[in-house]
Colleague: 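First, the structure itself, so that you have it in front of you.
When reading the values below, keep in mind they use all heavy atoms of this one structure, side chains included, and skip hydrogens, waters and symmetry mates. Small disclaimer: the values here were computed from a predicted structure and weren't measured.
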Amino acid sequence: TLRNNVMSGNWYNFGEWNTGVICLNDVDTSNLVDGKPIVYLHDVSDRVINSSSNAGAVYLLNCDNIMVTGLQLSNTTHGIVFANTNNSYAVGNEINRTMLGIAAAFSSGVTIAGNTIGTSSTGIATVMDSGNTVRANDVRGNTIGVNAQMSVDDTFAQNDVNDSTMYGLYFLATNDSRVVDNTACRIRSHGTSGANGDMPSTGIILMGSNNLVRDNLASNNYEGILVISSSQPGQELLSVNNTIENNTVLGNTGILGGQLLSSGIVVFGQDNNVRHNDVSGNDVGISFLYGADNSISFNTIKDNAMYGVLVNATGNNTFWCNDFDNSINVLSINANTNWNSTAPLRYSFQNHMYLSRLGNYWNGYMGEDLDGNGIGDTLYAMEPVRDYHPLMESCTNYLVTGNTYGGLSVIGMDYTVVSQPEGMYCQVAVFRTGNLTVPCSVDYATVNGTARDGSNYTMVQGTIAFGPGETDKTV
């Protein structure tokens, strides 16, 4: 029980935190931090805590449907805490000089949005939670901007997480979550060596599985995006089946030694998909270290100062349909790497359809393409690379229609010609495999080959939609 305590002039005036335990203490508003009352509630619902409360810190335990908005909080261990609290909100608060600005632990359905948090050890944290949303927060100048630990099915979107000293967005043992459209820039003050397990300042760090990292900007850090695994006894965790796509990763430089070089994207993991990223102007574009069976496709890897790609002690990673334009495109150490797709793919190039394995576009490749299918007739050989299907143009000029995407794949087509009085038409059956529990769709269109639209056939296009459990469609 705490009553009538006055805390003032300290960096952290008040705090309560017990990892893994929800404590129900008796703390009332007679306790003041810098003249403001502590709001400490448990087992309540349907409340609004706004500026009229003049709160100096807010703790919500076993609560439901609580709105915390419009507060100015500082010099407290925690600004706002949701503990075992559901369906609640922290919106539009200003928080400075805390150990942890806003935390959600053992909670679900919590939304943390539109807050401004600075000069804190950690801006926002989620711990052992599920189904929470962290969106559109301005989290600048903290040691760690956003930290999620053992979280599931959370969304982190449109946050500005800049000028942190250690990490921008840090996800530890986090699964099935989405990290989308965030900005993590100018994170450069910690860990310049990468030695002794000390991770350097990084825009986005991810350890976990089945996560989506998309449309983020990671720029001017020591590392841009880092996917890590743990091999510590009793804490083994392999990062698998994550998708890293459509990110802009620029100008991550500055590590000069140790185990790491500054890279735009670093992967320690297995079965991850790295695609459609712009990885330019870093010391190293993409590094694969101690992982296997990752797919790397449709990335622009250019103007990186040391290497486009560094592959070290990995096996069976596949690079296909990437654009390489660096002084040294590849450094490979004890690695077994595929430099073209491992199976033929159906693709469109210059309005014609083809079926072939696909390699990568390499600056300086001088081969010919006599059959016009967009693939060089001779291999690209620049040790350690042997690409047997090098692209003649940028990967952006190749539309692949039969590849796996998002865990779903179109695996085959069959057709039947049907005659009717008004003419003949072709029925095409399309089959799919992969994760059949969710809906998916695939676009289709006819293109000119030896037959010409208007003379030999009528052009058609559309979208085939598969419902959950559906494996075949006919168009």
Colleague: Can you give me the closest heavy-atom contact between Ile187 and Val161, atom names plus distance?
Modeller: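 Shortest heavy-atom separation between Ile187 and Val161 comes out as CD1-O, 3.9 Å.
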
Colleague: Is the shortest side-chain heavy-atom distance between Leu169 and Ile205 below 4.5 Å?
Modeller: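 Leu169 vs Ile205: side chains apart.
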
Colleague: Any side-chain heavy atom of Asn329 sitting closer than 4.5 Å to one from Val309?
Modeller: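 They are not in side-chain contact.
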
Colleague: With sequence neighbours left out, write down each residue that passes side chain to side chain contact (heavy atoms under 4.5 Å, CB included) with Thr378, or none if nothing qualifies.
Modeller: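 Partners of Thr378 by the side chain to side chain contact (heavy atoms under 4.5 Å, CB included) criterion, ordered by chain and then number, come out as Tyr365.
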
Colleague: Rounded to the nearest 0.5 Å, how far does CD1 of Ile124 lie from OG1 of Thr126?
Modeller: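 Result: 9.5 Å between the selected atoms.
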
Colleague: Could you report the tightest heavy-atom contact between Val274 and Ile265, atom names first, then the distance?
Modeller: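 Looking at all heavy atoms of both residues, the shortest contact is CG1-CD1, 4.2 Å.
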
Colleague: Indicate whether the side chain of Ser394 and that of Asp323 have a donor and an acceptor atom separated by less than 3.5 Å.
Modeller: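 Ser394 vs Asp323: donor-acceptor pair found between side chains.
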
Colleague: A side-chain contact here means heavy atoms from C-beta on lying under 4.5 Å apart; do Leu206 and Val213 qualify?
Modeller: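 Yes, side chains in contact.
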
Colleague: Donor-acceptor pair, distance only, cut-off 3.5 Å: does the side chain of Asn277 make one with the backbone of Asn246?
Modeller: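 Flag set: sc Asn277 to bb Asn246 pair under 3.5 Å.
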
Colleague: Distance from Arg357 atom CZ to Cys321 atom SG, nearest 0.5 Å?
Modeller: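 It comes to 13.5 Å.
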
Colleague: So do the side chains of Leu250 and Val279 get within less than 4.5 Å of each other, counting heavy atoms only?
Modeller: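 Of all side-chain heavy-atom pairs linking Val279 with Leu250, none is under 4.5 Å.
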
Colleague: Checking side-chain hydrogen bond (donor to acceptor under 3.5 Å, both in side chains) between Asp387 and each of Tyr380, Trp362, Trp320, which is the one that passes?
Modeller: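 Going through the options one by one, the only one that passes is Trp362.
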
Colleague: Say whether Thr318 and Ser295, considering side chains only, have a donor N or O and an acceptor N or O under 3.5 Å apart.
Modeller: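 Their side chains do not contain a donor-acceptor pair, so the 3.5 Å distance test is not met.
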
Colleague: So Arg188 and Asn220, do their side chains get closer than 4.5 Å, heavy atoms only?
Modeller: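 They are in side-chain contact.
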
Colleague: Roughly how far, to the nearest 0.5 Å, is the CG atom of Asn322 from the CG atom of Asn299?
Modeller: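 Output value for this atom pair is 5.0 Å.
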
Colleague: Mind checking the OG1-CG spacing from Thr243 to Asn211? Nearest 0.5 Å is all I need.
Modeller: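 Spacing of OG1 (Thr243) from CG (Asn211) equals 9.0 Å.
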
Colleague: Give a yes or no answer on whether the side chain of Asn304 reaches the backbone of Asn282 with a donor-acceptor pair at less than 3.5 Å.
Modeller: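 It does hold such a pair.
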
Colleague: Just one of Asn159, Thr248, Thr183, Asn182 clears the side-chain hydrogen bond (donor to acceptor under 3.5 Å, both in side chains) bar with Asn216, so which one?
Modeller: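 Of the listed residues Asn159, Thr248, Thr183, Asn182, the side-chain hydrogen bond (donor to acceptor under 3.5 Å, both in side chains) partner of Asn216 is Asn182.
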
Colleague: With sequence neighbours excluded, what pairs up with Asn336 under the side-chain hydrogen bond (donor to acceptor under 3.5 Å, both in side chains) test?
Modeller: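 Listed in chain order: nothing, the list is empty.
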
Colleague: With side chains defined as the heavy atoms from C-beta onward, is the minimum distance between Thr133 and Asp154 less than 4.5 Å?
Modeller: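 Contact flag for Thr133/Asp154 side chains = no.
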
Colleague: Decide yes or no for Tyr89 and Phe82: does some side-chain heavy atom of the first lie under 4.5 Å from some side-chain heavy atom of the second?
Modeller: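 Of all side-chain heavy-atom pairs linking Phe82 with Tyr89, none is under 4.5 Å.
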
Colleague: Are any non-hydrogen side-chain atoms of Ser201 and Asn221 less than 4.5 angstrom apart?
Modeller: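 Contact flag for Ser201/Asn221 side chains = no.
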
Colleague: What's the shortest heavy-atom distance between Gly145 and Ser164, and which atoms?
Modeller: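 Smallest interatomic distance, heavy atoms only, reads N-OG, 3.6 Å.
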
Colleague: How long is the straight-line distance from SG of Cys395 back to CG of Asn360, given to the nearest 0.5 Å?
Modeller: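 So the CG of Asn360 and the SG of Cys395 are separated by 8.5 Å.
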
Colleague: According to the side chain to side chain donor-acceptor pair (under 3.5 Å) rule, which pairs have a member within residues 107-118, sequence neighbours left out?
Modeller: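 For residues 107-118: Asn86-Ser108, Asn93-Asn115, Asn115-Asn137.
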
Colleague: Name all residues meeting the salt bridge (charged side-chain N to carboxylate O under 4.0 Å, His left out) criterion together with Arg178; count only those two or more places apart in sequence or in a different chain, and write none if there are none.
Modeller: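 With neighbours one apart ignored, the set is Asp153.
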
Colleague: I need the full list of salt bridge (Lys or Arg N to Asp or Glu O under 4.0 Å) pairs touching residues 122-140, with sequence neighbours left out, sorted by first then second residue.
Modeller: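 For residues 122-140, and leaving out neighbouring residues, the salt bridge (Lys or Arg N to Asp or Glu O under 4.0 Å) pairs sorted by first residue read Asp138-Arg140, Arg140-Asp160.
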
Colleague: Go through the structure and list residues passing side chain to side chain contact (heavy atoms under 4.5 Å, CB included) with Ala465, not counting sequence neighbours.
Modeller: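 Partners of Ala465 under the side chain to side chain contact (heavy atoms under 4.5 Å, CB included) test: none.
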
Colleague: With sequence neighbours left out, write down each residue that passes ring pair (Phe, Tyr, Trp, His ring centres under 6.0 Å) with Phe349, or none if nothing qualifies.
Modeller: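 Phe349: ring pair (Phe, Tyr, Trp, His ring centres under 6.0 Å) contacts with Tyr398.
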
Colleague: Will you find, in the side chains of Ser120 and Thr98, an N or O donor that is under 3.5 Å from an N or O acceptor?
Modeller: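 Judged by distance alone, the side chains do pair up.
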
Colleague: Apply salt bridge (charged side-chain N to carboxylate O under 4.0 Å, His left out) to Asp181 and list each qualifying residue two or more places apart in sequence or on a separate chain.
Modeller: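 None.
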
Colleague: How far apart are the closest heavy atoms of Gly367 and Met392, and which atoms are they?
Modeller: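 Minimum heavy-atom contact is O-CE, 3.3 Å.
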
Colleague: Can you run down the ring-ring contact (aromatic ring centres under 6.0 Å, His included) pairs that involve residues 138-161, sequence neighbours left out, and say none if there aren't any?
Modeller: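 Those involving residues 138-161 are Phe156-Phe171.
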
Colleague: Kindly give the heavy-atom pair with the smallest separation between Gly254 and Ser262, and that separation in Å.
Modeller: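 Heavy-atom minimum between the residues: N-OG, 3.1 Å.
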
Colleague: Are Arg275 and Phe298 in a cation-pi setup, meaning NZ or CZ lies under 6.0 angstrom from the ring centre and within 45 degrees of the ring axis?
Modeller: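 Here Arg275 fails the 6.0 Å and 45° test against Phe298.
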
Colleague: Residues in side chain to side chain contact (heavy atoms under 4.5 Å, CB included) with Asn147, at least two apart?
Modeller: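 Once residues adjacent in sequence are excluded, the partners of Asn147 under the side chain to side chain contact (heavy atoms under 4.5 Å, CB included) criterion are Thr122, Ile144, Gln149, Tyr170.
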
Colleague: Verify the neighbour count for atom CE of Met382: are there more than 12 heavy atoms of other residues, nucleotides or ligands below 6.0 Å?
Modeller: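 It does not: Met382 CE has 12 such atoms or fewer within range.
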
Colleague: Looking at residues at least two apart in the chain, or sitting in another chain, which of them share a ring pair (Phe, Tyr, Trp, His ring centres under 6.0 Å) with Tyr307?
Modeller: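 Applying ring pair (Phe, Tyr, Trp, His ring centres under 6.0 Å) to Tyr307 gives none.
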
Colleague: Got a second to check how far His352's NE2 is from Asp371's CG, nearest 0.5 Å?
Modeller: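 Spacing of NE2 (His352) from CG (Asp371) equals 11.5 Å.
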
Colleague: Go through the structure and list residues passing side-chain hydrogen bond (donor to acceptor under 3.5 Å, both in side chains) with Asn175, not counting sequence neighbours.
Modeller: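 For Asn175, no residue satisfies side-chain hydrogen bond (donor to acceptor under 3.5 Å, both in side chains) once neighbours in sequence are set aside.
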
